[in-house]
There are 2 protein chains.
Amino acid sequence: MIGAVEPDAIQGAFRALADPTRRGILLHLSNQDMTIGEVADQFDITRAAVKKHLTILEEGDLISVRVSGRERINHLEPATLKSVSDWLGYFNRYWDDRLARLGDAIENHEAVESISPTGKQK
Amino acid sequence: MIGAVEPDAIQGAFRALADPTRRGILLHLSNQDMTIGEVADQFDITRAAVKKHLTILEEGDLISVRVSGRERINHLEPATLKSVSDWLGYFNRYWDDRLARLGDAIENHEAVESISPTGKQK
DNA sequence: TTGACATAAAACCTTTTGGTATCATATAAC
DNA sequence: GTTATATGATACCAAAAGGTTTTATGTCAA
């Protein structure tokens, strides 16, 4: 009965993140851009399989690709990862009240000093 | 060639989060505990399908279940969601330098005032 | 230009996934 | 004690996932 109450773009990202190889690829790309071959060297699967993973990461907007001659250079695209993090952020209040209040303070442009760094207030 | 450089527990959580129905269930459970039937009322699929989703959420440690008579009461388990958030947090520095420094400050128990709330320093 | 190299693309295979329908069982209500 | 209710458990199905192998294509280098 319910429609998804979330930005549609996030589905492709969550789908891409569900596979451990793809998460590993993201970690590698966070250090440096890589061609398909360079990525494939890091895993025990064929280049073709790696290419499929990279396609899914691209569909999820987690990476972008620049073609240079015969090479495809894969580059981490952090913006969509932030969307995912924001979605999870909805649950922040369940695991860290203090962090939630810090976040509120930032949102409201309040003085950060009003929150003690040593303990919970309120 | 590389082994996953991540806590093993996170895989079940990412797998569970990959499906939009399951993410919807988590949002519902964040408001209140629910039986299978109550969850199923919120979606256009059979109870059996909902039950499968709940099983996957439980396997991913995103929910816990308490049996009460003939009912199964499903309860959001935020701790694992935090693990997922922490994994994503690794990429924080790519999308928000200031927030990363705030986090560092908290970790190090430094004075929060050292970071201006109005703009980036350094 | 010839060969080596990086990738593309397609066909194919097995397992997992998301769903259904059906039947069984335990419990609550009357 | 019956009956309705909430869930469990199976069997089944189509599509998607994750992989491989093979064949083709464009590009760099000698």
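Per chain, numbering begins at 1; letters A, B, ... match sequence-line order.
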Which parts of residues 46-55 of chain A get close to DNA chain D, meaning a heavy atom less than 4.0 angstrom away?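 Correct list: Thr46(A), Ala48(A), Ala49(A), Lys52(A), His53(A).
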Can you see which heavy atom on [X] is nearest to which on [Y], and at what distance?
X        : Y        : value
Pro20(B) : Gln11(A) : CD-OE1, 3.4 Å
Leu26(B) : Phe91(A) : O-CE2, 3.8 Å
Thr80(B) : Ala13(B) : CG2-CB, 3.7 Å

What distance do Ser83(A) atom OG and Phe14(A) atom CZ have between them, rounded to the nearest 0.5 Å?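 Separation between the atoms: 10.0 Å.
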Which distance, rounded to the nearest 0.5 Å, do you find between the OG1 of Thr21(B) and the CG of Asp44(B)?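 Rounded to the nearest 0.5 Å, the OG1-CG separation comes out at 10.0 Å.
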Atom pair distance, as rounded to whole Å: CD in Glu58(B) and P in dT7(D):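 Result: 13 Å.
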Taking 4.0 angstrom as the limit, do Lys82(A) and Asp86(A) come out as a salt bridge?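 Yes, Lys82(A) and Asp86(A) are salt-bridged.
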For the side-chain contact (heavy atoms from CB on, under 4.5 Å) test, which of Ile36(B), Asp33(B), Val50(B) pairs with Asn74(B)?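 Only match with Asn74(B) under side-chain contact (heavy atoms from CB on, under 4.5 Å): Ile36(B).
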Taking side-chain contact (heavy atoms from CB on, under 4.5 Å) as the criterion, tell me which of Ile25(B), Asn31(B), Leu81(B), Leu27(B) meets it with Leu76(B).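 Of all the options given, the one that passes is Leu81(B).
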Would you check if the side chain of [X] reaches a backbone N or O of [Y] as a donor-acceptor pair within less than 3.5 Å?
X        : Y        : value
Arg22(A) : Ala16(A) : yes
Thr55(B) : Lys51(B) : yes
Arg47(B) : Ala40(B) : no

Show every donor-acceptor pair shorter than 3.5 Å between a side-chain atom in residues 56-69 of chain A and any protein atom, with sequence neighbours excluded, or say none if there are none.
residue  : atom : partner  : partner atom : Å
Glu58(A) : OE1  : Arg72(A) : NH2          : 3.3
Glu59(A) : OE1  : Arg15(A) : NH1          : 3.0
Ser64(A) : OG   : Glu77(A) : OE1          : 2.8

Please identify each residue that fulfils side-chain contact (heavy atoms from CB on, under 4.5 Å) with Glu71(A), with sequence neighbours left out.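 Only Thr35(A) meet the side-chain contact (heavy atoms from CB on, under 4.5 Å) criterion with Glu71(A).
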Ala49(B): what forms a side-chain contact (heavy atoms from CB on, under 4.5 Å) with it, not counting sequence neighbours?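 side-chain contact (heavy atoms from CB on, under 4.5 Å) check on Ala49(B) returns Ile45(B), Thr46(B).
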Using the rule that two of Ile, Leu, Val, Met, Phe, Trp, Tyr join whenever any of their side-chain heavy atoms come within less than 4.5 Å, decide whether Ile73(B) and Met34(B) are in one cluster.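 Shared cluster, no.
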Comparing Val67(B) and Thr21(A) on DNA chain D - which has the more 5′ nearest nucleotide: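 Its nucleotide being nearer the 5' end, the pick is Val67(B).
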Where each residue is assigned the nucleotide of DNA chain D containing its nearest heavy atom, which of Ser68(A) and Arg72(B) is assigned the position nearer the 5′ end?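 Result: Arg72(B).
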Is there any protein nitrogen or oxygen under 3.5 Å from a nitrogen or oxygen in nucleotides 15-17 of chain D, and what are the pairs?
residue : atom : partner  : partner atom : Å
dA17(D) : OP1  : Arg15(A) : NE           : 2.9
dA17(D) : OP1  : Arg15(A) : NH2          : 3.3
dA17(D) : OP2  : Arg15(A) : NH2          : 3.3

At 10 degrees resolution, what angle do the end axes of the helix from dT1(C)-dA30(D) to dC30(C)-dG1(D) form when each is taken over five base pairs?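 One end axis against the other gives 30°.
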Could you write out each protein N or O paired with an N or O of nucleotides 2-4 of chain D at a distance under 3.5 Å?
none

Boundaries of the DNA chain C segment in contact with chain B, non-hydrogen, under 4.0 Å: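 Taking any atom under 4.0 Å from a heavy atom of chain B, the span is dT17(C) to dA28(C).
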